[in-house]
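Inspection log for the structure reproduced underneath, given as structure tokens.
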Amino acid sequence: MINGLPAVFLDRDGILNRATLRDGKPYPPSQLDDLEILPGSIASLARLADFGYVLIGVTNQPDVARGTQSRETVESFNALIQSKLPVREIFVCYHDNVDNCDCRKPRPGLILNAANKYGLDLSMSWMVGDRWKDIAAGRAVGLKTIFVDYHYSETYKGASADFTVQDTVHLADIILKGS
């Protein structure tokens with residue numbers, strides 16, 4: 001959409017909240033008590049919201065399809081995150097890779113759904129993620145991208161991000177200077 005609102009699309013686990021690491025790979029927290037909002041995200045997202053950015057979470061949650069986490073648990077995490085951060089909504093893909101859906105990152109379906117729902121201008125918007133799939137989804141629809149590199153034990157596939165950082169502390173600085 002053109003002439004809409006600028007947005008920042010944010011992966012959930014690793015960007016909004018701390019991911020749980022197992023064997024060097026990120027996973028969502030297993031229970032609500034384990035959910036930790038990242039301090040850098042608190043400060044950065046408050047600044048971005050003050051500058052008029054619509055903040056949208058976009059997250060793959062395949063553990064629901066795999067039967068290892070309930071949809072209700074995911075929704076509880078999302079509600080807690082939204083109570084602590086100025087995130088308008090968190091769009092979720094509950095599918096697994098084999099489902100071949102349009103909403104599972106690296107495909108951009110979640111971003112497009114949010115853009116249509118809220119009248120967002122993708123040409124003025126950003127994607128922030130900690131995995132290559134996040135960056136690929138953002139690039140697929142022309143977003144500027146920021147990769148938060150936690151040095152996970154996984155191969156980065158696809159095009160590199162516009163910016164790479166080591167944590168979420170400087171997100172607002174990069175976005176506000178680059179817009």
Side-chain angles (χ1 to χ4, degrees), residues 7-51 53-96 103-106 108-111 113-114 118 125-138 143 145-154 156 161 163-175:
V8 179
F9 297 91
L10 304 135
D11 180 49
R12 195 188 80 178
D13 304 313
I15 303 302
L16 298 177
N17 60 276
R18 189 171 309 284
T20 300
L21 289 179
R22 289 189 293 246
D23 299 321
K25 294 186 179 176
Y27 294 90
S30 57
Q31 56 191 13
L32 209 53
D33 290 344
D34 296 334
L35 184 94
E36 177 189 351
I37 304 296
L38 291 170
S41 293
I42 294 170
S44 285
L45 299 187
R47 279 186 63 208
L48 291 169
D50 287 345
F51 275 88
Y53 282 90
V54 177
L55 306 177
I56 301 286
V58 287
T59 182
N60 290 346
Q61 295 297 321
D63 289 344
V64 174
R66 296 171 187 162
T68 58
Q69 192 166 65
S70 71
R71 191 176 184 124
E72 293 77 22
T73 299
V74 171
E75 290 170 1
S76 294
F77 288 145
N78 293 348
L80 181 59
I81 290 166
Q82 286 183 267
S83 75
K84 298 188 178 297
L85 295 172
V87 174
R88 174 98 37 110
E89 186 173 344
I90 299 175
F91 287 74
V92 182
C93 173
Y94 293 104
H95 303 108
D96 203 348
C103 58
R104 185 165 171 74
K105 295 178 288 179
L110 296 175
I111 294 168
N113 290 343
Y118 291 108
S125 298
W126 292 76
M127 175 70 209
V128 180
D130 63 335
R131 299 180 83 180
W132 73 269
K133 292 179 179 185
D134 304 318
I135 303 310
L143 302 181
T145 56
I146 300 174
F147 176 61
V148 181
D149 188 357
Y150 294 120
H151 306 286
Y152 296 142
S153 296
E154 62 185 7
Y156 188 105
F163 297 90
T164 299
V165 296
Q166 304 304 309
D167 59 45
T168 58
V169 172
H170 301 291
L171 297 178
D173 293 334
I174 293 167
I175 292 168

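Residue numbers start at 1 and run along the sequence shown.
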Main-chain N/O of Ala7 paired with Ser125 side-chain donor or acceptor, under 3.5 Å
yes
Looking only at heavy atoms, the pair that brings Ala137 and Pro108 closest together is O-CB, 3.6 Å
Quickly, which of Leu110, Val58, Ile111 forms a side-chain contact (heavy atoms from CB on, under 4.5 Å) with Cys103? Name it, please.
Leu110
Could you give me the CA-CA distance, side-chain angles and deciding distance for Tyr150 and Leu21, then say whether side chain to side chain contact (heavy atoms under 4.5 Å, CB included) is met?
CA-CA 10 Å; Tyr150 294 120; Leu21 289 179; over 6 Å; no
Does Ser153 use its side chain to pair, donor to acceptor, with the backbone of Lys25 at less than 3.5 Å?
no
Rounded to the nearest 0.5 Å, how far apart are CZ of Arg131 and CZ of Phe147?
9.5 Å
Please give me the minimum heavy-atom distance between Glu154 and Pro26, naming the atom from each residue.
OE1-CD, 4.5 Å
Once rounded to the nearest 0.5 Å, what's the spacing between atom CG of Leu10 and atom CG of Asp134?
10.0 Å
Indicate yes or no: at least one non-hydrogen side-chain atom of Tyr53 is less than 4.5 angstrom from one of Leu45.
no
Determine the minimum heavy-atom distance between Pro29 and Gln69, stating which atoms define it.
O-NE2, 3.2 Å
Between CG of Leu35 and CG of Asn17, what distance do you get to the nearest 0.5 Å?
4.5 Å
Heavy-atom donor-acceptor pair, Ser41 side chain to Thr168 backbone, under 3.5 Å
no
Sidechain N-carboxylate O distance under 4.0 Å for Arg47, Asp173:
yes
Under 6.0 Å from the CG atom of Asp50, do we count more than 12 heavy atoms belonging to anything else shown?
yes
Quick check: does any side chain N or O of Asn60 sit under 3.5 Å from a backbone N or O of Pro62, one acting as donor and the other as acceptor?
no
Let's go through Ile146 and Ile175 carefully: what are the C-alpha distance in whole Å and the side-chain angles of both, what is the deciding distance for side chain to side chain contact (heavy atoms under 4.5 Å, CB included) to 0.1 Å, and is it a yes or a no?
CA-CA 9 Å; Ile146 300 174; Ile175 292 168; 3.7 Å; yes
Would you compute the distance between atom NZ of Lys105 and atom CG of Asp11 and round it to the nearest 0.5 angstrom?
3.5 Å
For Ala114 against Phe9, the heavy-atom pair lying closest together
CB-CE2, 3.8 Å
Under the criterion side chain to side chain contact (heavy atoms under 4.5 Å, CB included), I'd like the reasoning laid out for Thr20 against Asp34: C-alpha separation, chi angles, the key distance, then a yes or no.
CA-CA 9 Å; Thr20 300; Asp34 296 334; 5.5 Å; no
Could you measure the distance from the CG atom of Asp149 to the OH atom of Tyr156? Nearest 0.5 Å is fine.
9.0 Å
Got a list of side-chain donor-acceptor pairs under 3.5 Å for residues 75-91, not counting sequence neighbours?
| from | atom 1 | to | atom 2 | distance (Å) |
| --- | --- | --- | --- | --- |
| Glu75 | OE2 | Arg71 | NE | 3.4 |
| Ser76 | OG | Glu72 | O | 3.0 |
| Asn78 | OD1 | Arg12 | NH1 | 2.9 |
| Gln82 | NE2 | Val87 | O | 3.2 |
| Gln82 | NE2 | Arg88 | O | 3.0 |
| Ser83 | OG | Leu80 | O | 2.7 |
| Glu89 | OE1 | Lys117 | NZ | 2.8 |
| Glu89 | OE1 | Tyr118 | OH | 2.5 |
| Glu89 | OE2 | Lys117 | NZ | 3.4 |

About how many Å separate CZ of Arg104 and CD of Gln61, when rounded to the nearest 0.5 Å?
9.5 Å
